[in-house]
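The structure appears below as structure tokens.
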Amino acid sequence: MSKKKLAKTIVYGCQMNESDAERMNGELESIGYEMTDDMTAADIILLVTCCVRETAEDKVYGKIGEIKHLKENKPELILGVTGCMAQKEGEALIKRAPHIDFVLGTNKIHQLPEIVRSIEKRHEIERQNTAESINHKAGHFIDVEESETELPDGIPVDRKGTLSAWIPVMYGCNNFCTYCIVPYVRGRERSRLPENVVAEVEEAVRKGYKEVTLLGQNVNSYGKDHNKADFAELLEMTDRVPGIERIRYMTSHPKDLSDRVIAAVKNGTHICEHFHLPVQYGTDHMLKRMNRVYTVAQYKDLIRKIRSEIPDCSITTDLIVGFPGETDDDFESMLEFLKEIRYDAAYTFIYSKRSGTPAASYPDQVPEDLKKERLHKLMEVQNAISLEINERLNGTIQEVMAEGPSRNDSSVWTGRTRTGKIVLWGHEDERPGDMLNIRITKPQTWVLKGIRENA
């Protein structure tokens, strides 16, 4: 009996990388691999990388160094580097770490089986004819050539979760924010055909998934390249899929959020009332430097429109602190902006220089200690707002989809409201995927605690 082949995938970064990894895992399984959590037992290790922040790159290089020691004891171990960092660095990765077998760009997922088979064949030849061993360097494979074509549909998917499925609806980005590397490593926007997206949602539902999250760098611009459907129409089509319970999506660019998308959320049956709308900053001065192409006034108008149409929605955002040129006045205006908008939650980041982006060469970089000081103040303000908003839910009954035991206590279960808030309660007889009514009894900054209301 032949030895079972094992694969380990390590993912860094965003949900799109998680989705890409699920497809790569599916492809590896299609050529005879089984997935393992044990890196030391794996016959192939695949790193799905991120380069949005320097810390992510540092973690990848650390892992590559760790795997070098594994390859010294197991020469036929295959190491592949994929994703955004692979696209950005290309051959430089091989030069820095020659034990890498292949580097594959962001739009080359479908080539994975062919590459792995080629390396396996080389290893087989080397085993059979060690006297004429092939130069290991000749086996390196690098493909980071940019392509504007859509990734082929029909790639097998091995999803990690059992309740919620990532469904990519488009790839790439046309917005060149001055701090962001994504357009350079993901290419221009390419939308999947709506019928293919819907077919993948239907397949996920058939396999028992209750919730889908539609993914794109800017889902609001979906369909502009093929004109088959816009994002509002795609939401409506997904909402009609029999058996779907919840539909989420990310990420949105404020400049492209249309009235029709707001209406689709308002009128939809399964589309969750949660808007993640990254503003990045709260002054026109900084928005212009970031090339966000909207003003504070325009953004505020959009927020007012959403809350007017869907009063009980939740709104979250992304914020960057310490961007080059940020003044004390900018920062104080940012705090006032937060107090006016009142987000349910905000994902806050310290600006990190990324080579290849315009902002990396801006002369007026903010000192690190000042960045950290401002981040602390920003989080204090936002955390107080988040708590105040959550406290208004005290005593209310929220529809929660049960996900399973919490990390620290198996008797306490966790789930999310339609608006994306995490809820904890004492477990009874519920199962993952059940829709429950939970009465909120103890709102906190990050979670809501409650008790189950039995019918």
Side-chain angles (χ1 to χ4, degrees), residues 12-14 16-17 49-58 60 83-93 105-107 144-148 170-190 216-221 224 251-256 277-299 317-331 333-334 337 346-372 374-375 378:
Y12 302 86
C14 68
M16 187 63 80
N17 276 7
T49 63
C50 173
C51 63
V52 170
R53 291 176 185 83
E54 188 174 359
T55 52
E57 288 194 5
D58 291 342
V60 172
C84 294
M85 184 175 167
Q87 185 72 42
K88 176 174 172 277
E89 298 296 329
E91 190 174 357
L93 280 168
T106 54
N107 55 2
V144 294
E145 183 179 352
E146 290 190 18
S147 172
E148 300 304 319
M170 60 189 301
Y171 304 94
C173 183
N174 291 354
N175 299 297
F176 286 83
C177 303
T178 56
Y179 53 81
C180 186
I181 195 71
V182 168
Y184 305 96
V185 294
R186 286 277 180 182
R188 301 293 73 73
E189 291 176 355
R190 296 157 337 267
Q217 303 302 145
N218 175 20
V219 291
N220 291 329
S221 62
K224 291 183 178 179
T251 292
S252 297
H253 195 296
K255 73 177 178 63
D256 294 311
L277 206 58
V279 67
Q280 306 301 357
Y281 213 85
T283 69
D284 289 342
H285 166 231
M286 297 303 290
L287 290 175
K288 186 174 182 179
R289 287 177 68 83
M290 292 177 173
N291 193 35
R292 292 295 288 175
V293 300
Y294 51 80
T295 65
V296 169
Q298 289 169 334
Y299 185 89
T317 198
D318 294 342
L319 300 169
I320 297 174
V321 175
F323 189 77
E326 180 188 56
T327 65
D328 289 340
D329 287 344
D330 281 318
F331 184 69
S333 295
M334 164 79 103
F337 173 85
Y347 300 90
T348 55
F349 306 94
I350 288 179
Y351 169 71
S352 173
K353 285 200 295 186
R354 306 311 301 131
S355 60
T357 63
S361 60
Y362 286 178
D364 41 4
Q365 301 289 325
V366 177
E368 288 299 317
D369 57 345
L370 185 54
K371 289 181 185 179
K372 293 176 182 177
R374 287 174 174 171
L375 179 66
L378 185 75

Keeping [X] on the side-chain end and [Y] on the backbone end, is there a donor-acceptor pair under 3.5 Å?
{"X": "Arg190", "Y": "Cys173", "result": "no"}
{"X": "Thr178", "Y": "Arg289", "result": "yes"}
{"X": "Arg374", "Y": "Gly322", "result": "no"}
{"X": "Tyr294", "Y": "Leu287", "result": "no"}
{"X": "Gln365", "Y": "Ala359", "result": "yes"}
{"X": "Lys88", "Y": "Val185", "result": "no"}
{"X": "Thr357", "Y": "Cys180", "result": "no"}
{"X": "Asn17", "Y": "Tyr12", "result": "yes"}

[X] versus [Y]: any side-chain heavy-atom pair under 4.5 Å?
{"X": "Lys224", "Y": "Met170", "value": "no"}
{"X": "Cys84", "Y": "Thr106", "value": "yes"}
{"X": "Met290", "Y": "Cys177", "value": "no"}
{"X": "Arg292", "Y": "His253", "value": "yes"}
{"X": "Asp329", "Y": "His285", "value": "no"}
{"X": "Met85", "Y": "Leu93", "value": "yes"}
{"X": "Tyr281", "Y": "Phe323", "value": "no"}
{"X": "Thr317", "Y": "Tyr299", "value": "yes"}

Hey, which of Asn175, Asn174, Asn218 is the one that makes side-chain hydrogen bond (donor to acceptor under 3.5 Å, both in side chains) with Asp256?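 It is Asn218; the other options fail the test.
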
Taking it one step at a time, do Arg186 and Met16 satisfy side chain to side chain contact (heavy atoms under 4.5 Å, CB included)? CA-CA 11 Å; Arg186 286 277 180 182; Met16 187 63 80; 3.7 Å; yes

If I compare all heavy atoms of [X] with all of [Y], which pair ends up nearest, and what's the gap?
{"X": "Gly13", "Y": "Cys50", "answer": "CA-CB, 3.7 Å"}
{"X": "Ser252", "Y": "Pro278", "answer": "O-CD, 3.1 Å"}
{"X": "Val366", "Y": "Pro324", "answer": "CG2-CA, 4.5 Å"}
{"X": "Asp284", "Y": "Val296", "answer": "OD1-N, 2.7 Å"}

Compute the ring centroids of Tyr184 and Phe176, then answer whether they are less than 6.0 Å apart.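 Close enough - the centres of the two rings lie under 6.0 Å apart.
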
Return the [atom1] to [atom2] distance between [X] and [Y], rounded to the nearest 0.5 Å.
{"X": "Lys353", "Y": "Ile181", "atom1": "NZ", "atom2": "CD1", "value": "13.5 Å"}
{"X": "Asn220", "Y": "Thr251", "atom1": "CG", "atom2": "OG1", "value": "9.5 Å"}
{"X": "Leu370", "Y": "Asp328", "atom1": "CG", "atom2": "CG", "value": "7.0 Å"}
{"X": "Ser352", "Y": "Glu57", "atom1": "OG", "atom2": "CD", "value": "8.5 Å"}
{"X": "Glu89", "Y": "Gln87", "atom1": "CD", "atom2": "CD", "value": "11.0 Å"}

Is a side-chain donor-acceptor pair under 3.5 Å present for Asp330 with Thr327?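 Yes, Asp330 and Thr327 have a side-chain donor paired with an acceptor closer than 3.5 Å.
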
Where do Tyr351 and Glu326 land on the side-chain hydrogen bond (donor to acceptor under 3.5 Å, both in side chains) test, with the steps shown first? CA-CA 11 Å; Tyr351 169 71; Glu326 180 188 56; over 6 Å; no

Take atom NZ of Lys288 as the centre, draw a 6.0 Å sphere, and report whether it contains more than 12 heavy atoms from other residues, nucleotides or ligands.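 12 or below, so no.
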
Run the side chain to side chain contact (heavy atoms under 4.5 Å, CB included) test on Tyr171 and Asn107 for me, step by step, so that the C-alpha distance in whole Å, both residues' side-chain angles and the decisive distance to 0.1 Å come before the verdict. CA-CA 9 Å; Tyr171 304 94; Asn107 55 2; over 6 Å; no

